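Let me begin by presenting the structure, written as structure tokens, before commenting on it.
In the text below, chain A, chain B and the rest are named by the order of the sequence lines, each starting its count at 1. Everything quoted here is computed from the prediction, not taken from an experiment.
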Protein chains: 2
Amino acid sequence: MYLAKIYVTYKPSILDPQGEVIKSALHRMDYAGVQTVTQGKYFEVKLQATDVDSATAETQSFTESLLINQNTETYRFDLSLVADEVDV
Amino acid sequence: MYLAKIYVTYKPSILDPQGEVIKSALHRMDYAGVQTVTQGKYFEVKLQATDVDSATAETQSFTESLLINQNTETYRFDLSLVADEVDV
């Protein structure tokens, strides 16, 4: 079984109003060293696949078709092999 | 300047309805290999700090006080040293 960790962020050209609000709040709370804040989404997906190539292809496919908005967002992901869950 | 990448997820005991909805949608789209889906938040914060210890302390402090709900969420973060932005 594979674990895909998928990180979704806005494309650099897209305004991130939530990030700006968080930055302003941190400045009001005296975290003066904070320069930039961006907020994105993070998914952990466990999937069964025969090998790492098919896990990669499947992760790319469902991320682009369901998890992100390709007009405004970009993504990257890591894949790792994890043990299957077993019933004991 | 330091870049903190902060990953926020629900605690294991907390229901993740969004993750369940995404899993159902992926099954309807014939991604039958998907076993579990969890959705979380992802932040990238650039901050000025004198050293890695103070960057770590500051990141922990503002994450716990603003970015997460400690009743339901847990987090981890990576810190990396990045070049300061310079005006040319």
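V8(B) and F43(A) sit in two unconnected hydrophobic clusters of ILVMFWY residues. Membership requires side-chain heavy atoms under 4.5 Å apart, directly or through other members. Residues L81(A) and M1(A) are members of separate hydrophobic clusters, defined by side-chain heavy-atom contacts under 4.5 angstrom among Ile, Leu, Val, Met, Phe, Trp and Tyr. Using a 4.5 Å cut-off between side-chain heavy atoms of Ile, Leu, Val, Met, Phe, Trp and Tyr, with links allowed through other members, V45(B) and Y10(A) fall into different hydrophobic clusters. Using a 4.5 Å cut-off between side-chain heavy atoms of Ile, Leu, Val, Met, Phe, Trp and Tyr, with links allowed through other members, Y75(A) and L26(B) fall into the same hydrophobic cluster.
Interface residue L67(B): only side-chain heavy atoms are found under 4.5 Å from chain A. Of the atoms belonging to T9(A), it is side-chain heavy atoms, and not backbone ones, that fall under 4.5 Å from chain B.
Between chain B and the options A55(A), A25(A), S61(A), A4(A), heavy-atom pairs under 4.5 Å are most frequent for S61(A).
Within residues 11-23 of chain A, the residues having any heavy atom less than 4.5 Å from a heavy atom of chain B are, in residue-number order, I22(A).
Side-chain contact between K41(A) and K41(B): absent, with no pair of heavy atoms (C-beta onward) separated by less than 4.5 Å. Residues F62(A) and M29(B) are not in side-chain contact: their nearest non-hydrogen atoms beyond the backbone lie 4.5 Å or more apart. Between L47(A) and Q35(B), every side-chain heavy-atom pair lies at or beyond the 4.5 Å cut-off. Residues V34(B) and K46(A) form no side-chain contact, since every pair of their non-hydrogen atoms from C-beta on lies 4.5 Å or further apart.
A distance of 7.5 Å separates OG1 of T36(B) from CG of L3(A), quoted to the nearest 0.5 Å.
Relative orientation of the Y7(A) and Y42(B) rings is tilted, given thresholds of 30° and 60° on the angle between their planes.
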